[in-house]
Amino acid sequence: MNIALSAPALADAGQAVPAESRSLGRRVTLLLLLPSTLWFLLLLLLPLVIILVFSLGERSPVGGYSAALTLENYLNLGSRAKAFYNTLLLAPLGTLVCLVAAYPLAYFLAVKVQRSRSLLLTLVIVPFWTSFLIRTYAWIFILGGKGIPALLAMVGLDDVRLINTPTAVLIGIVYGYLPLMVFPIYVSLEKLDKRLLEASSDLGASAFETFRRVTLPLSAPGVITGAMLVFILLMGEFLIPAILGGGKVFFVGNALVDLFLQSRNWPFGSAVAMTLVAMMLAIIALYLKLVARYGKRGTEGML
């Protein structure tokens, strides 16, 4: 039996199969995304909603949370101004010092070293093989009276105090977070086309001009990523200020530990936490804007 199909019918049949295929593909994609979406909602959004609700409540007489609807906790944020001040001062400063120290090291590893690169990269990673707590405690001896101050006293510099000061906290920050700054910059510099450096030199550019016009723009994505990674972690840091600051230099993280575990003022602690989250969201928005701008420029430069 011969069956004749018109041209419109064949066209409709040809369109039906791709449409069904696309629909099936969308369903499979949604199914694959479902576990991660539920995980995201459960571990990120739900805790934030709970903290937001707590921040609008009151401290119960025995500590903890008592249901209410008030903005008093946010109006009382000024009582923790010192913690915000230390965080907003030392976190950017620590990030900047890490960047200044990490860039030459990353450049040396990516551009200058050839034979022993793997060994040197391993040495950068080695500190992560030891507990962060132990490594931070080690600095108590190094910065204490029998450490660097004792050595300085031998050359005539007496009464130098390092431990329990902002300087000690800054040193601990740079030591602890330097590797996290090195690797993003290293990855960007490793992709750098060395012929661009040679061409810049052949065209008469000085070493500084080559760095300013070629190397730095092309490595900007790594610089931004490393700086944001370190800065975000420092904004929530509490271990280094607690150990090397000795209770005299404290961050917002230390204030949260005190409010939740010591004072048991969960509503006020939640307000402080929500304020910190809001600040971080603003910083991340700026980060995404910088990545979109300088990342595109870096890509265009490599092309």
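Worth knowing before you read on, the calculation uses all heavy atoms, side chains too, and leaves out hydrogens, waters and symmetry mates.
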Can I get a per-line list of side-chain donor-acceptor pairs under 3.5 Å for residues 240-249, giving both atom names and the distance, sequence neighbours left out?
none

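- Listed by chain and number, the residues in a side chain to side chain contact (heavy atoms under 4.5 Å, CB included) with Ala150 amount to none (sequence neighbours excluded).
- Applying the side chain to side chain donor-acceptor pair (under 3.5 Å) rule to Thr275 yields no partners; only residues at least two apart in sequence or on another chain are considered.
- By the 4.5 Å heavy-atom criterion applied to side chains, Leu218 and Leu196 are counted as neighbours.
- A donor-acceptor contact shorter than 3.5 Å links the side chain of Thr87 to the backbone of Val252.
- Looking at residues two or more places apart in sequence or on another chain, you find a side chain to side chain contact (heavy atoms under 4.5 Å, CB included) between Ser206 and Phe208, Glu209.
- For the atom pair Trp139 CH2 and Ile163 CD1, the distance stands at 10.0 Å (nearest 0.5 Å).
- A donor-acceptor contact shorter than 3.5 Å links the side chain of Arg135 to the backbone of Thr130.
- Between the CG atom in Leu46 and the CG atom in Leu41 there is a gap of 8.5 Å [rounded to 0.5 Å].
- Judged by distance alone, the side chain of Ser263 and the main-chain N or O of Asn265 form no donor-acceptor pair under 3.5 Å.
- Ser188 contributes no side-chain N or O that, together with a main-chain N or O of Ile185, makes up a donor-acceptor pair within less than 3.5 Å.
- Under the ring pair (Phe, Tyr, Trp, His ring centres under 6.0 Å) criterion, the residue pairs touching residues 48-88 are Phe54-Tyr65, with sequence neighbours excluded.
- In this structure the side chain of Ser270 never reaches within 4.5 angstrom of the side chain of Asn73, judged on heavy atoms.
- Note on Leu89 and Ile283: separate hydrophobic clusters, where clusters join Ile, Leu, Val, Met, Phe, Trp and Tyr whose side-chain heavy atoms are under 4.5 Å apart, directly or indirectly.
- Within the structure, the side-chain hydrogen bond (donor to acceptor under 3.5 Å, both in side chains) test picks out the following pairs touching residues 175-186 (sequence neighbours left out): Tyr177-Glu237, Tyr186-Glu190.
- Under the 3.5 Å distance criterion, the side-chain polar atoms of Ser55 are matched with a main-chain donor or acceptor of Leu52.
- Proximity of Val169 to Asn86: side-chain heavy atoms (C-beta onward) are nowhere separated by under 4.5 Å.
- Distance alone, capped at 3.5 Å, is enough to place a donor-acceptor pair between the Thr136 side chain and the Phe132 backbone.
- The backbone N or O of Ala255 sits nowhere less than 3.5 Å from a side-chain atom of Arg80 that would complete a donor-acceptor pair.
- Grouping the Ile, Leu, Val, Met, Phe, Trp and Tyr side chains by contacts below 4.5 angstrom, directly or via other members, places Leu77 with Leu256.
- There is a path of hydrophobic side-chain contacts, each under 4.5 Å, that joins Leu71 to Val53.
- Closest non-hydrogen pair, Gly94 versus Val174, comes out as O-CG2, 4.5 Å.
- No single ILVMFWY cluster, assembled from side-chain heavy atoms under 4.5 Å apart, contains both Phe128 and Ile134.
- By the 4.5 Å side-chain criterion applied to Ile, Leu, Val, Met, Phe, Trp and Tyr, Leu151 is assigned to a cluster that also includes Met154.
- Annotation for Cys98 and Leu178: closest pair O-CD1, 3.5 Å, computed over non-hydrogen atoms.
- Listed here is the closest heavy atom pair of Arg59 and Ser66: C-CB, 4.3 Å.
- To the nearest 0.5 Å, the span separating CG on Leu56 from OG1 on Thr70 amounts to 8.0 Å.
- For the ring pair (Phe, Tyr, Trp, His ring centres under 6.0 Å) condition, no pair includes a residue of residues 223-258, sequence neighbours left out.
- Counting heavy atoms from C-beta outward, Asp258 and Asn254 have side chains that stay 4.5 Å or more apart.
- Nearest heavy-atom pair, Arg264 versus Leu261, reported as atom, atom and distance to 0.1 Å: CG-O, 4.3 Å.
- Taking CG of Leu162 as the start and CD1 of Ile140 as the end, the distance is 13.5 Å to the nearest 0.5 Å.
- Among residues two or more places apart in sequence or in another chain, the side chain to side chain donor-acceptor pair (under 3.5 Å) test is passed with Arg161 by none.
- Residues passing the ring-ring contact (aromatic ring centres under 6.0 Å, His included) test with Phe183, sequence neighbours excluded: none.
- Rounding to the nearest 0.5 Å gives a distance of 10.5 Å between CG of Leu157 and CG of Asp159.
- Applying the under-4.5 Å side-chain rule to Ile, Leu, Val, Met, Phe, Trp and Tyr, the cluster around Leu96 extends to Val100.
- Between atom OG1 of residue Thr122 and atom CH2 of residue Trp129 there is a gap of 6.0 Å, rounded to the nearest 0.5 Å.
- Residues satisfying the ring-ring contact (aromatic ring centres under 6.0 Å, His included) criterion with Tyr103, sequence neighbours excluded, are Phe211.
- Between Leu34 and Leu38, the closest side-chain pair of non-hydrogen atoms falls below 4.5 Å.
- Under the 4.5 Å side-chain heavy-atom criterion for ILVMFWY residues, a single connected hydrophobic cluster contains both Leu69 and Trp266.
- The shortest distance between side-chain heavy atoms of Ile173 and Val97 does not fall below 4.5 Å.
- With a 4.5 Å cut-off on side-chain heavy atoms, Leu286 and Met228 do not count as touching.
- Residues Leu88 and Met235 are in side-chain contact: their nearest non-hydrogen atoms beyond the backbone lie under 4.5 Å apart.
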